[in-house]
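Take a look at the structure set out below.
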Amino acid sequence: MISNYHTLAYIASLLDSRLSDRHIRSVFTQERGQIVIDVEPDNCLILSCQPGLNALFLHKRFARAKKNTVDLFPACHGKAIKKIGMHPSDRIVVFQLEGDHRLEASFFGSSANVSLLRADNTVVESFKRNKEKTDHPSIPSSPRKGGTRSISLPYDSDMLTLAAGEDESVSVVLKRHFSHLGPVLVREILFRSSLAGTTHWGKITDGEKTLLSMSLKEVGNELGNIRPRIYTLPDGGPEFAIIPLKQHEDCREERFEDIHDAIRAFMGKEHSTRNRENKHDLMEKRLKTILEKASRTAEAMEQDRASSERPMEYERFGKLILANLAVIKQGMDHITLSAEGTAVSIPLQRELTPAANAQRYFEKAKRSRTARKQTGERLTSITERIVLLRSLLDELSSQSDFSAFLEGRSKDLEILGLSEKQAAVAELPFRVYHVEGGFEVWAGKNSKSNDELTMKHARPNDLWFHARGAGGSHVILRVSTAKGEPGKRARRQAASVAAFFSKMKGAKMVPVAMTQRKYVRKPKGAPPGTVIIEREEVIITEPRLPEEK
């Protein structure tokens, strides 16, 4: 409801009294789908065009980022805001500027946009769309008390006289005739009237229409006294409202004196909810992917095990060759022999003697039996994995609290490599290991990752490693991740990681340079991953990764 017509109209009336005759210092964006208007002396107006999170509010203590920020609408810079108002019938807030320019912020869901227009309605610049003509009038007349405006039908209309189709649902009728209400208020009116929104208009009684009229008028009166609040719904998500909602009487409620504070709080809660939902969806996708792969593997192994007669066939070939050594000559590539009246064609290797060919088939039979046994053991393991995955997916779909799911099934998720800790490590731009004493070792994955690891994440006293005279990963032993100082074994283990992730990985022993990070510098203009070290100690070590305990 943060982009409901009444919410926007109320905010526009507040902004008009607060920002009129104030000058715009700058307009910029530093977050996807969001515009910031910096107004003197200390007002930062946020216009969010993010789908599902259209909003307009003032932000306290807002600081512009030093990087990744872009100036917008330069024609507005230095201009005074003369008036802020609301379009009479649409969710459009209009900022009339000195001169012949105006800013129009339209809050239409995924089509939300902010445009700069001239007096002749020509679009000078648009945040999201190309230049185009607009039929939107300039700033309308003053709003009535409470920040709302006249609409096609007033909220004290008699439902008995309302024109509507017999088969239209009550919800559709309300939304069409009272378009400023929005879905939340329509649900509230229906709740207060004890009517289902899907009920056909022709099936409700005159008494129910009268009750609907009373609820509509009651909500309309309350809209004259805006009282912002946030409800926490049963699923944990937030719902913003500007009047008390009887449909949420049993939900936890947080009230606010200032609507800007309320919207800021709601935006934070909504971002948290969306982040949690994204994690839920990502977990479901990962579990399904692993399950599909495991199921395909199990099916292939079952088919292979069911149809495989190779051990018996190999042993049969070996016995036939031994029984017919006199007729088989070295250099033959195959021979056809008779077994119980059936002709059997046996491939041979030219370079082997008949006895050696027989021995080869006996060895293949032995290896095939071993492989079948291992396949059976692996199939059992995969089957158990499939059962676990299905159990996790069932619980994930039925569990409304994702955090509780993560906590309750943490051990099972860890088995699959999907625990929160494992996911956090996977998202890092470098590899993470642990060495003697519990110290963490970070290894870069590529040139860009090396740069980020050494120049941004490593601290001055951390130990830095790199294979001498060969390309490879920068490796950091983080000295603050465990008690005391890393010992000789820990340093050697870190050096072994650097050797392992170098072009000398195939060597038996590799020389690795070690120094403190403060003695490593990057020359100006050097390619990613290129550094100079001022002092070093060389450790000769074998390329290997530390064993996980």
Side-chain angles (χ1 to χ4, degrees), residues 1-12 14-16 19 24-39 43-60 62-65 68-77 79 81 84-87 89-97 101-117 121-136 139 179-180 182-184 238-240 242 259-260 262-275 277-278:
M1 198 176 176
I2 55 175
S3 60
N4 175 275
Y5 183 91
H6 294 286
T7 304
L8 293 171
Y10 178 66
I11 292 172
L14 295 176
L15 294 177
D16 184 51
L19 301 182
I24 296 175
R25 282 195 289 242
S26 64
V27 183
F28 61 92
T29 180
Q30 62 185 34
E31 185 176 328
R32 186 179 178 87
Q34 192 176 93
I35 290 178
V36 180
I37 302 178
D38 185 7
V39 184
N43 299 286
C44 272
L45 187 60
I46 309 297
L47 296 90
S48 173
C49 299
Q50 298 173 0
L53 273 181
N54 292 179
L56 172 66
F57 61 98
L58 286 172
H59 198 299
K60 297 176 182 177
F62 190 90
R64 184 170 184 174
N68 300 321
T69 175
V70 179
D71 282 310
L72 301 170
F73 307 122
C76 295
H77 298 187
K79 294 286 184 70
I81 299 173
I84 301 174
M86 194 76 186
H87 188 282
S89 59
D90 274 325
R91 289 174 293 162
I92 301 172
V93 178
V94 185
F95 300 79
Q96 189 67 54
L97 309 180
H101 287 82
R102 72 181 187 275
L103 279 171
E104 287 193 355
S106 57
F107 298 94
F108 301 144
S110 59
S111 300
N113 198 13
V114 179
S115 300
L116 177 66
L117 301 94
N121 289 341
T122 301
V123 177
V124 178
E125 185 180 349
S126 187
F127 179 46
K128 292 172 66 176
R129 292 193 290 267
N130 295 326
K131 295 181 179 180
E132 57 187 30
K133 282 277 188 178
T134 178
D135 295 328
H136 301 155
I139 208 163
S179 58
H180 288 176
V184 174
E239 175 110 284
F240 176 87
I242 52 177
I259 194 167
H260 303 294
I263 293 177
R264 281 197 301 273
F266 174 80
M267 294 283 280
K269 292 175 184 290
E270 185 65 16
H271 278 301
S272 296
T273 299
R274 290 189 176 197
N275 185 46
E277 289 173 351
N278 289 340

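These figures come from a predicted structure and were not determined experimentally.
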Validation row: [X], [Y] side chains within 4.5 angstrom (heavy atoms):
X	Y	value
L47	F95	yes
R91	S3	yes
I2	L53	yes
H87	S106	no
I263	I46	no
L103	I81	no
L116	V27	no
T7	I259	yes

Inset, instruction - Using side chain to side chain contact (heavy atoms under 4.5 Å, CB included) as the criterion, point out the one residue from I92, N113, V93 that pairs with E104. - result: I92
Are the side chain of [X] and the backbone of [Y] linked by a donor-acceptor contact shorter than 3.5 Å?
X	Y	answer
H260	H59	no
E125	L117	no
K79	I24	no

Inset, instruction - Measure up the H180 and Y5 rings against each other and bin them: parallel (under 30°), tilted (30 to 60°), perpendicular (over 60°). - result: parallel
Name each donor-acceptor pair under 3.5 Å that joins a side chain in residues 30-37 to protein atoms two or more places apart or in another chain, with its distance.
unit_1, atom_1, unit_2, atom_2, d
Q30, OE1, A65, N, 2.9
E31, OE2, Q50, NE2, 3.3

First locate atom [atom1] of [X], then atom [atom2] of [Y], and finally report the distance between them rounded to the nearest 0.5 Å.
X	Y	atom1	atom2	answer
S48	N54	OG	CG	6.5 Å
L56	I11	CG	CD1	5.0 Å
Y10	M86	OH	CE	14.5 Å
N4	I242	CG	CD1	5.5 Å
K269	R264	NZ	CZ	13.5 Å
N121	R102	CG	CZ	4.5 Å

Legend entry - Partners meeting ring pair (Phe, Tyr, Trp, His ring centres under 6.0 Å) with H271 (sequence neighbours left out): none
Residues in side-chain hydrogen bond (donor to acceptor under 3.5 Å, both in side chains) contact with [X], at least two apart in sequence or another chain:
X	answer
S272	none
N278	none
R64	T69, D71

Grab the two heavy atoms, one from [X] and one from [Y], that are nearest each other, plus how far apart they are.
X	Y	value
L72	H77	O-NE2, 3.1 Å
K128	S110	NZ-O, 3.3 Å
A262	F240	CB-CE1, 3.7 Å
F127	F73	N-CZ, 4.0 Å

Inset, instruction - Under the side-chain contact (heavy atoms from CB on, under 4.5 Å) rule, what do L15 and L58 come out as? Steps first, then yes or no, please. - result: CA-CA 9 Å; L15 294 177; L58 286 172; 3.8 Å; yes
Legend entry - Counterpart residues, side-chain contact (heavy atoms from CB on, under 4.5 Å), relative to T273 (two or more places apart): P238, R276, E277
